[in-house]
Chemist: 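Structure incoming, see below.
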Number of protein chains: 2
Amino acid sequence: MSAAPLVPSVALAVDLAVLTLRADRLHVLLVRRGVPPFEGAWALPGGFVGPTEDAETAAWRELAEETGMGQVPGSGHLEQLRTYSAPDRDPRDRVVSVAHVVLAPDLPDPTAGSDAAEARWWPVEEILDPAPAAAAPVLAFDHAEILTDALERVRAKLEYTTLALEFVTEPFTLGDLRRVYAAVWGAPPDLGNFRRKVLGTEGFVVATDDHGGDSGRPARLYRRGPARLISPPMLRTPGED
Amino acid sequence: MSAAPLVPSVALAVDLAVLTLRADRLHVLLVRRGVPPFEGAWALPGGFVGPTEDAETAAWRELAEETGMGQVPGSGHLEQLRTYSAPDRDPRDRVVSVAHVVLAPDLPDPTAGSDAAEARWWPVEEILDPAPAAAAPVLAFDHAEILTDALERVRAKLEYTTLALEFVTEPFTLGDLRRVYAAVWGAPPDLGNFRRKVLGTEGFVVATDDHGGDSGRPARLYRRGPARLISPPMLRTPGED
DNA sequence: ACAATAGTGTCTTTTAGACAGTATTTG
DNA sequence: CAAATACTGTCTAAAAGACACTATTGT
């Protein structure tokens with residue numbers, strides 16, 4: 001006979017804020033819940049952590065299930081955001097969620113996962129802005145808070161890391177990269193100053209000999225460089241959102 | 001009859017990296033474990049999250065239990081660090097820990113807590129450095145990794161926030177504040193440039209009319225200002241560690 | 001007087017901000 | 001040709017880095 005559990009147990013979940021760029025706007029992957037609670041509501045994709053997994057492994061697995069994104073290095077970035085543990089964040093059971101942020105280059109339209117009735121990309125601003133016009137969903141659980149925190153994390157990290165590279169596919173132009181900053185920060189950095197900073201940061205990008213582009217003068221194509229930090233940082237000053 | 005639990009449950013804990021400055025060196029609060037596993041080993045203080053608590057509330061409670069630090073605003077800073085969830089991080093049960101960082105001004109020597117046989121402040125460098133001379137303990141669980149991550153978080157945040165204020169008691173001199181940076185970064189920032197930056201950042205500190213100091217010319221005394229961000233940041237360039 | 005710390009000033013270099021101008025492509 | 005984007009250059013302002021120098025206290 002063992003003592004009553006002094007140590008309450010919780011269900012451990014992961015939630016994913018999967019961000020990508022589509023048509024120069026930041027989008028987040030949402031799934032329509034097929035099971036209670038919040039059945040029928042839109043939510044961030046996620047799932048429970050298996051008995052032999054850590055949170056990050058579970059997050060990669062869920063990501064693969066929802067999007068088909070593999071753990072292929074260089075084809076996406078996943079990092080822990082923070083843990084949400086309010087006792088009543090799930091109205092039925094005690095579920096603690098380790099939220100993660102995923103940055104991905106443009107992905108195909110998702111297919112419904114196992115426990116999701118539907119899945120699609122939504123422009124982030126439509127989800128977070130109080131614009132009453134659009135048919136933007138109200139997210140289940142505390143997922144709006146998670147998305148807000150994820151967005152602020154990404155905005156901040158574009159300042160002092162080369163994380164913007166995770167949003168583009170190789171090869172890319174400096175215009176492509178600049179549009180990443182424009183979409184995340186809400187306003188494009190000055191053209192000349194942006195080029196000076198990117199090209200002046202050793203290892204940010206690696207030039208190729210090729211050129212390409214959709215319209216206008218063909219631009220030089222680049223690949224991702226090995227640098228991970230931008231020092232001193234590229235600060236955002238213009239209209240934040 | 002309900003289905004077998006597809007959702008494995010875990011025990012949810014918090015661990016605290018409580019950092020303070022003593023004699024111009026950064027110290028961390030360690031407790032000697034009084035119960036298995038790792039009985040007798042040194043570890044970060046922590047405990048389990050109660051059924052009606054979120055992780056941060058539990059962290060504040062554990063902090064009060066271990067140190068007597070209350071939730072008094074302005075007398076300490078607590079923030080979530082990250083969650084450690086490796087399935088085997090506890091050799092006996094599945095325990096997931098939401099680690100937190102606490103910055104505190106110099107506190108009295110701790111008293112043993114409920115499940116801790118002993119508690120004391122240890123210089124951080126002695127714990128993390130591979131100096132074989134000192135009788136520095138090897139931390140239980142993955143607590144050395146947590147401490148490393150906590151230290152890097154604090155080092156980074158001193159660059160772009162006014163968090164150094166959390167290490168000093170009011171009123172304080174600019175020399176006191178500079179010694180915080182020296183201890184955390186491993187080398188003091190240039191005297192003149194540091195003063196220019198702190199005094200030039202509106203709301204970092206608020207001057208009083210009083211003077212004080214232990215030796216040398218008495219210095220003006222300051223109180224904490226309302227500013228939380230330093231922009232542009234004060235970058236650390238000298239010997240990092 | 002000397003040690004110790006506080007406080008000020010200044011010169012140089014780096015970097016960012018602002019913006020003008022030229023270049024090369026498509027329609 | 002105009003539109004669109006790529007690319008380069010330049011002037012200015014802000015900030016940091018590296019110091020030197022003066023000021024005020026205790027011993």
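Not measured: the values here are computed from a predicted model. In what follows, every chain begins at residue 1, and chains take the letters A, B, ... in the order their sequences are listed.
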Chemist: Round to a whole Å and report the spacing from CG of L191(A) to C1' of dG17(C).
Modeler: 13 Å
Chemist: What does L174(A) touch in the nucleic acid at a heavy-atom separation under 4.0 angstrom: a base, only the sugar-phosphate, or nothing?
Modeler: nothing
Chemist: Stepwise, does the side-chain hydrogen bond (donor to acceptor under 3.5 Å, both in side chains) test hold for Y222(B) with D176(B)?
Modeler: CA-CA 10 Å; Y222(B) 293 84; D176(B) 295 334; over 6 Å; no
Chemist: Measure from CG on D210(B) to C1' on dA6(C) and round the result to the nearest Å.
Modeler: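 Answer to the nearest Å: 16 Å.
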Chemist: Under 3.5 Å, side-chain donor or acceptor atoms of residues 199-210 of chain B against the rest of the protein: list the pairs with distances, not counting sequence neighbours.
Modeler:
unit_1: T201(B); atom_1: OG1; unit_2: K197(B); atom_2: O; d: 2.8
unit_1: T208(B); atom_1: OG1; unit_2: D210(B); atom_2: N; d: 3.1
unit_1: T208(B); atom_1: OG1; unit_2: L221(B); atom_2: O; d: 2.7

Chemist: Just the atom pairs and distances: protein N or O near nucleotides 11-16 of chain C's N or O, under 3.5 Å.
Modeler:
unit_1: dA16(C); atom_1: OP1; unit_2: K197(A); atom_2: NZ; d: 2.6
unit_1: dA16(C); atom_1: N7; unit_2: R196(A); atom_2: NH2; d: 3.4

Chemist: Taking the basic N atoms (NZ, or NE/NH1/NH2) and the acidic carboxylate oxygens, is any pair closer than 4.0 Å for E126(B) and R25(B)?
Modeler: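 Yes, E126(B) and R25(B) are salt-bridged.
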Chemist: How far apart are the closest heavy atoms of V31(A) and A119(A), and which atoms are they?
Modeler: CG1-CB, 3.9 Å
Chemist: Let me know the distance between CG of D190(B) and P of dT10(C), rounded to the nearest Å.
Modeler: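 Taking atom P of dT10(C) as the reference, CG of D190(B) is at 16 Å.
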Chemist: Please say whether the positively charged group of R82(A), taken as NZ for Lys or CZ for Arg, lies over the ring of Y84(A), i.e. under 6.0 angstrom from the six-membered ring centre and within 45 degrees of the axis.
Modeler: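 Yes.
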Chemist: For F194(B) and dG7(C), give me the distance from atom CZ to atom C1', rounded to whole Å.
Modeler: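 F194(B) atom CZ is separated from dG7(C) atom C1' by 14 Å.
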Chemist: Within the side chain of T20(A), is there an N or O that forms a donor-acceptor pair under 3.5 Å with the backbone of A104(A)?
Modeler: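 Judged by distance alone, yes, a pair lies under 3.5 Å.
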Chemist: Rounding to an integer number of Å, can you tell me how far L221(B) CG sits from dG7(C) C1'?
Modeler: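 For the pair L221(B) CG and dG7(C) C1', the rounded distance is 14 Å.
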Chemist: Does R153(B) come within less than 4.0 Å of E79(B), counting only side-chain N to carboxylate O?
Modeler: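 Salt bridge flag = yes for E79(B) with R153(B).
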Chemist: How many whole angstroms separate atom CZ of R217(B) from atom P of dA6(C)?
Modeler: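 Roughly 9 Å, once rounded to whole Å.
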Chemist: For a 4.5 angstrom cut-off between non-hydrogen side-chain atoms, does N193(A) reach L191(A)?
Modeler: no
Chemist: Under 4.0 Å from any heavy atom of chain A: name the first and the last nucleotide of DNA chain D that qualifies, 5' to 3'.
Modeler: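 Footprint of chain A along DNA chain D, 5' to 3': dA4(D) to dT10(D).
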Chemist: Test your reading of the model: is there a side-chain donor-acceptor pair from E62(B) to the backbone of D15(B), 3.5 Å cut-off?
Modeler: no
Chemist: Give the rounded distance in Å between these two atoms: CZ of R236(A) and P of dG17(C).
Modeler: 13 Å
